[in-house]
Protein chains: 2
Amino acid sequence: MPKTNRPVSPYAADSAIRLGQLIRRGRIDRHMTVAALAERAGVSRGLIQRIEAGDTGCAIGAVFEAAAIVGVRLFDAGPATMSREVESNREVMALLPKAIRSQRTEPNDDF
Amino acid sequence: MPKTNRPVSPYAADSAIRLGQLIRRGRIDRHMTVAALAERAGVSRGLIQRIEAGDTGCAIGAVFEAAAIVGVRLFDAGPATMSREVESNREVMALLPKAIRSQRTEPNDDF
DNA sequence: AATTAACGATCCATAAATAGATCATTTCAG
DNA sequence: CTGAAATGATCTATTTATGGATCGTTAATT
């Protein structure tokens with residue numbers, strides 16, 4: 001349990017917990033100790049524990065690093081294709097409007 | 001560009017950038033300004049900018065919160081099913097070994 | 001083309017995350 | 001069953017992220 005926590009929605013909190021589960025599972029499947037994963041990720045043992053617990057305060061870089069090491073696939077792209085995915089999407093991004101003007105109809109809460 | 005950055009692997013860095021792209025795209029599709037998203041997520045405007053830029057230092061809770069608001073689907077589970085996904089996986093987790101003993105073949109960093 | 005909101009970047013003070021050490025407990029191997 | 005190792009938890013010092021303000025630039029609308 002983290003010392004303190006900023007308020008987050010249930011979906012965001014659950015997403016962090018889910019990712020923590022995937023990381024823990026991947027680590028155990030690979031017969032790695034928490035300490036071993038921490039060392040390879042370049043972080044402390046305590047941070048790995050918080051990551052696996054789904055602490056929403058952890059830096060996303062540390063979490064993704066741990067995920068990568070234990071083989072958790074992010075956003076339907078493996079290590080080989082993630083870079084290309086990002087690159088090809090830059091073109092798409094370039095076509096989007098650079099600034100949003102009208103708030104139009106009240107922000108959609110439907111999801 | 002973030003002030004400072006802890007070293008992360010290309011895959012982790014690209015993953016953060018990819019998620020930032022998805023969030024930015026979702027925000028623009030919904031005609032939301034950066035400021036509007038920031039307010040709804042309960043964070044500062046500057047943080048949203050860093051999130052969309054793929055800054056690996058951002059708290060994962062803030063990133064997932066922004067993702068949720070603009071409708072980015074995480075780990076193949078929408079808001080309705082994420083909670084159940086986590087819950088049903090607790091049983092699976094319970095079956096895994098609680099501690100890892102043998103390093104098996106010492107983490108061979110031979111290459 | 002002019003207007004003005006949105007954006008991106010930077011600086012500083014403050015709040016928060018992280019590292020590192022330590023201790024108790026659990027759990028696996030012999 | 002026993003011993004050693006892994007885990008989980010907690011504490012403090014330090015590093016770092018974040019909020020909030022500001023400024024120049026960009027770009028959408030008229």
Are B:L19 and B:I17 linked, directly or through other ILVMFWY residues, by side chains that come within less than 4.5 angstrom of each other?
no

Looking at C:dA16, I'd like to know if its phosphate oxygens (OP1 or OP2) sit under 4.0 Å from a side-chain N or O belonging to A:R50.
no

Which atom names give the shortest non-hydrogen contact between A:V63 and A:C58, and what distance separates them?
CG2-CB, 3.9 Å

State which of D:dA28, D:dT16, D:dG19 makes the closest approach to the side chain of B:R6.
D:dT16

By nearest-nucleotide position on DNA chain D, the 5'-leaning member of B:S44 and A:P97 is B:S44

Neighbour count above 12 (heavy atom, 6.0 Å) for B:Q49 CD:
yes

Choosing from C:dT18, D:dG19, C:dC7, which nucleotide comes nearest the side chain of A:I100?
C:dC7

Give a yes/no on whether any side-chain N or O of B:R101 is located under 4.0 angstrom from OP1 or OP2 of D:dG3.
no

Starting at atom CD of A:E52, determine the distance to atom P of D:dT7, rounded to an integer number of angstrom.
8 Å

In whole angstroms, how far is the P atom of D:dT18 from the CG atom of B:L47?
5 Å

Return the value, rounded to whole Å, for the distance between atom CD of B:Q49 and atom C1' of D:dT22.
13 Å

If you look at every strand shown and take non-hydrogen atoms under 4.0 Å, does A:A62 touch a base, only sugar-phosphate, or nothing?
nothing

For B:R27 and for A:G46, locate the closest nucleotide of DNA chain C by heavy-atom distance; then report the residue assigned to the nucleotide nearer the 5' terminus.
B:R27

d(NE2, A:H31; P, C:dT27) in whole Å:
18 Å

If every non-hydrogen atom of A:I60 is compared with every non-hydrogen atom of B:D55, which pair is closest and at what distance?
CG2-O, 3.8 Å

Can a salt bridge be assigned to the pair A:D14 and A:R18 using a cut-off of 4.0 Å between side-chain N and carboxylate O?
no

Through what angle, rounded to 10 degrees, does the axis of the helix from C:dA1-D:dT30 to C:dG30-D:dC1 turn between its ends, using five pairs per end?
80°

For DNA chain C, whose closest nucleotide is more 5', that of A:C58 or that of B:A35?
B:A35

Whole angstroms only, please: what is the CD1-C1' distance between B:I48 and C:dG8?
14 Å

A:I23 CD1 to D:dT7 P, in whole Å, measures 15 Å

So, are B:R84 and B:E87 salt-bridged, with charged N and O less than 4.0 Å apart?
no

How close or far is atom P of D:dA4 from atom NZ of B:K98, stated in whole angstroms?
25 Å

Could you state the CD-P distance from A:E39 to C:dA19, rounded to the nearest angstrom?
13 Å

Closest nucleotide of DNA chain D for B:R45 versus for A:A99: which of these residues is on the 5' side?
B:R45

Remaining members of B:V92's ILVMFWY cluster at a side-chain heavy-atom cut-off under 4.5 Å?
none

Should A:R24 be listed as having a side-chain N or O under 4.0 Å from OP1 or OP2 of D:dG8?
yes

Is any NZ, NE, NH1 or NH2 atom of the basic residue among B:R40 and B:E65 found under 4.0 Å from an Asp or Glu carboxylate oxygen of the other?
no

